[in-house]
S.K.: 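Below is one structure. I have some questions about it.
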Amino acid sequence: MTSAFFGLQTSLRGLLTQQQAIDVTGHNIANANTQGYSRQEAVLEPTRPYILPANSVNNGSGAQLGSGVDIAAIRRVRDQFLDLQYRAQQMSLGDASARTTSLDKVEGAFAEPTDDGLAAQLSRFWDAWSDVANAPENAGARSALVTTAQTLTASFRTISAQLTTVAQQAQDEYAAITGASGDVANMASELAGLNRAIGDAVFRGMQPNDLMDRRDQIIDRLSQLAQVSVTDTGNSRLRIDFGGVTLVDPSTPAGFTWPQTLSRTPGGKLGALADLAAATGPALTYRTQLDAVAADLVRSVNALHTSTPFFDTAGTTAATITVLATTATVQTGSGRASGENDVAQAIARLRSGTTDQMYQALVARIGTEARAAVRGESTAQSLVDSIEDRRQSVAGVSLDEEMTNLIRFQRGYQASARTMTTMDEMLETLITRTGRVGL
Amino acid sequence: MSMRVTTLMSSRATLRDLNDGLSRLTRLQNQLSSGKQITRPSDDPYGASRALALRGELGGLDQFQRNVDDGTGWLNTSDTALGQMSDVLARVRELLVQGGTDTAGPSSRAAIADEIDQLTESVKQEADVQYGGRSVFSGTATDTPPYVLGGADRYQGDAGTITRAIGPGVEIPINTDVRTLLGDGQAARDDKLLNTLRDIAAHLRGGTTADADALRGTDLQRLDANLDVLNGIRADVGARTNRLDVAASRLSGLALNSTKLLSDVEDADMAETITQYTTQQAAYSAALKAGANIVQTSLLDFLH
C-alpha cells in the first residue's frame, strides 16, 4: 500500500511538469520571430510506476501504480533532410546572384540601347565620314570627323576599363571573403567554438537546442558561399567540408583550418566570383570580343585610309585604340585634288559592315547571358523560398499552436493543483476529523 | 497532413509578395517614364540587337538623305549654269546669222565680234560657277576655277569624278565634265565651244571672202554641233537630278518604315503598359491590405 502522501507527490510532479512545458511554450513565443530558431517541444513521459507487491489486488497479483509525469527531453523540431536541400539551393542562389550582380554592371558599362552607346557613336563616326565625302575641301568637316573619332575611341577605352573593373571587383570580393579575417574565417572559428560547446553538453546528456540552431544558421550562411557537406563525428560535433577542403574538424586542436586553397570549382558565390574574375569569365570574354570589334574597326578603316594610318596601328584593342589622324592628315581621296572623295566615300560605305555587326552580336550575347543569369537567380530564389517555407512549416513557431499549448498546459497545471487540493482535503479529514467519535 | 503554417512563414510570404509586386511596378513605371520597353539588353536580347541594327540603318538613311540633298544642290547649280550658257549660245547664233549676211558692214561686224568676245567670257564665267565654295566644273580640282577669266582658254581642272552615296552601295556621279563642251580654246583646234567662239570672232573681224563664207557655213555648223553637245549634257544633268529625286522619296519611305519597325521593337505600348500598371497597382495595394490583416491576426486576439 502506498503512503498517504503519495498522491501529493504525483500532483506536485504534474504541477512542475506543466509549469516547465509552459516555460518551453514561453520560449517558443518569445522566439516566434527569431531567424533560424527551431521550435522546441517538451516531451512529456509518465514517471516510473510504484510497484505494488503480490496480493495487492483482488486476484492476488501485484500491480503498478502510476506516479505522475515528468519531462523526458526538450526536443528541437527540425528536419535534417530539408536542411540538406536548403543548403544545396542556397549554393545555387549564391552563384546566381553573384553572376547577376556582375552582369548587371557589365550591361551598365555598355549602356545600350541609348544614344550614347557605342553603336550610336559608330553610326555618328560613319556619318562624319559621309560629311567629309560631301565636303572634302572643308576643314570643318574633317575636324568634326577627328573629334567624333576621338569620342568613339574614348568610349571603347572607357568600356574596356569598366569590364576590367568588373572582373577586378569579383577578384577583390573573393579575396575579402576568403581572407584571414574574412567571412569564412569568422564563421569557421564560430563553428569550431559551437562544436566544442555542443559536444560538451551532449556528452553530459543535454540537448543544447539553441546552440544547435545557431550552428545550423551559420552553416546555412556558409552554404551560400560554396559547396558544404556535414558529417557527425560523435556527440553531435560536426566535421564541415567547404568547397572541397575540410574547414571545421573537431579532432584538430583549433577545431578549424583556414585559410586554405579551395578546389577549382567550389560552387556557390565563391565559385561564381572565381569564374567572373577569370580570364575565361564573362567580363573578360566580353572585353576580348570588344577588342575584336576595335581591331576590326582599326583594320578596315586603315586599309582604306592608305596615306597615313587613321587609327594608330599599334592600338588594336579596345583599351589601346587611338586616333592618329589630325584635321590635316585626314585622307579624303586617293589623289591630290582637293575635291576627291573616293577614300571618304569608301570608308563611309563600311557603315553596317562587319564592325557594326560584331558589336551588335556582342550586345545580343551580353543581353542573352544577363537574362539567363536573372532568370537563374529568380528560379534559385523561388526554390530557396519554397524549401524555406517547408522548413518553416516544420520548425517555425505557430503562435496559434503555442496559444493552444499554453491553454492546454495552463489547464493541466490547474487540474494538478485541484488534485493536490483534493489530497489536502483528504488528509485534513484524516488528521483533524478521524478518531473523534463521541467527542 | 496539411502543411503547418507558422508565423514567420506568413510574414515572409507577405514580404516576398510585396517585394515582387513593387519590383513589377517599378519596371512598368520605368517603361512608362522612358517610353521604352527595352532599357537594357537583358530586357529582350534579340530585340535589343535588332534595335541597334535598325538605329544604325536609320542613321545611314538620314545620312543618305543629306547626301542626296547635297548632290541635288550641286546638280541644280550645274543645270542653272548650263542653262545660262544655252541662252548665251542662242544669242551668239543670232549674232552669227546677223553678221553673216552681206548687208552687214565691217564696222557692224566688228561690233558683233566685240559682243561675241564678251559672250565668250560670260560662257567661261558660267563655267566657273561655285557651289558651297567649290568649283562644280573642275572635276575633283574643286579649288581651281576651270577657266581663267580674261586669260587663256585652257581647261584648268582635271577629269576626276565626284560621287555621292545615295544608298547602300549606290553612288552617283554629280559633276559634269565641262571640257567636252568648252574644250581648250583656239590653240588646241578641237572644234569645241571656246575654239568655235574665238574663230567666229576672228572671222567677223577678218573681212575676207573666205571669212564670210566660213561665217555662213562651217561656223554655223560648228556652233550647232556644240549646241547639241550642250543639250546632251543638260539632258544628262536633268536625268541625274531625277534619279536623286527618286532616291530621296525612296529613302524617306525607307526611313519611315525603319522608324516604325524600331518603334515596334523598342517603344513601350503605352495603352498596354498603363493597363498593366493599373492592374499591378491594384494587386499591390490588395497585397498590402491583406498583409496588414494576416500579419496582425492570431488566436491571441481572441483569448482573454
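Each chain gets a letter, A, B and so on, in the order its sequence line appears, and its residues count up from 1. Values below: every heavy atom of this structure, side chains too, minus hydrogens, waters and symmetry copies.
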S.K.: Can a salt bridge be assigned to the pair B/Asp267 and B/Lys36 using a cut-off of 4.0 Å between side-chain N and carboxylate O?
M.R.: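 Salt bridge: yes.
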S.K.: Could you tell me which residues in residues 119-127 of chain A have at least one non-hydrogen atom under 4.5 Å from a non-hydrogen atom of chain B, sorted by residue number?
M.R.: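 Under the 4.5 Å heavy-atom cut-off, A/Ala119, A/Ser123, A/Asp127 qualify.
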S.K.: Which atoms of B/Arg164 come close to chain A, meaning under 4.5 Å heavy atom to heavy atom: side chain ones, backbone ones, both, or neither?
M.R.: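 Backbone plus side chain of B/Arg164, per the 4.5 Å heavy-atom cut-off to chain A.
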S.K.: Please rank A/Val363, A/Val397, A/Leu406 by heavy-atom pairs under 4.5 Å with chain B and give me the top one.
M.R.: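 Result: the option with the highest number of such pairs is A/Val397.
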S.K.: Only pairs of heavy atoms separated by less than 4.5 Å count here; which of A/Arg390, A/Arg39, A/Gln35 has the most with chain B?
M.R.: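 It is A/Arg39.
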S.K.: Sort B/Thr39 into side chain, backbone, both or neither according to what part of it lies under 4.5 angstrom from a heavy atom of chain A.
M.R.: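 Just the backbone, heavy atoms under 4.5 Å.
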S.K.: Can you name the residues of residues 40-47 of chain B that have some heavy atom under 4.5 Å away from a heavy atom in chain A?
M.R.: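 Checking residues 40-47 of chain B against chain A gives B/Arg40, B/Pro41, B/Ser42, B/Asp43, B/Asp44, B/Pro45.
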S.K.: Identify which part of B/Arg50 has an atom lying under 4.5 Å from any heavy atom of chain A, answering side chain, backbone, both or neither.
M.R.: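 B/Arg50 has no heavy atom closer than 4.5 Å to chain A.
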S.K.: Indicate whether any N or O donor in one side chain lies under 3.5 Å from an N or O acceptor in the other, for A/Ser130 and A/Arg351.
M.R.: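 No donor-acceptor contact under 3.5 Å links the two side chains.
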S.K.: Given heavy-atom pairs under 4.5 angstrom as the criterion, report whether the side chain, backbone, both or neither of B/Asp70 touches chain A.
M.R.: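 Contact with chain A is through the side chain of B/Asp70 alone.
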S.K.: So which bits of residues 248-266 of chain B come within less than 4.5 Å of chain A, counting non-hydrogen atoms only?
M.R.: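 Within residues 248-266 of chain B, the residues under 4.5 Å from chain A are B/Glu266.
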S.K.: Got a sec, which residues hit side chain to side chain contact (heavy atoms under 4.5 Å, CB included) with B/Ala165, two or more places apart in sequence or on another chain?
M.R.: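 So B/Ala165 forms a side chain to side chain contact (heavy atoms under 4.5 Å, CB included) with A/Gln345, B/Phe64, B/Asn67, B/Glu171.
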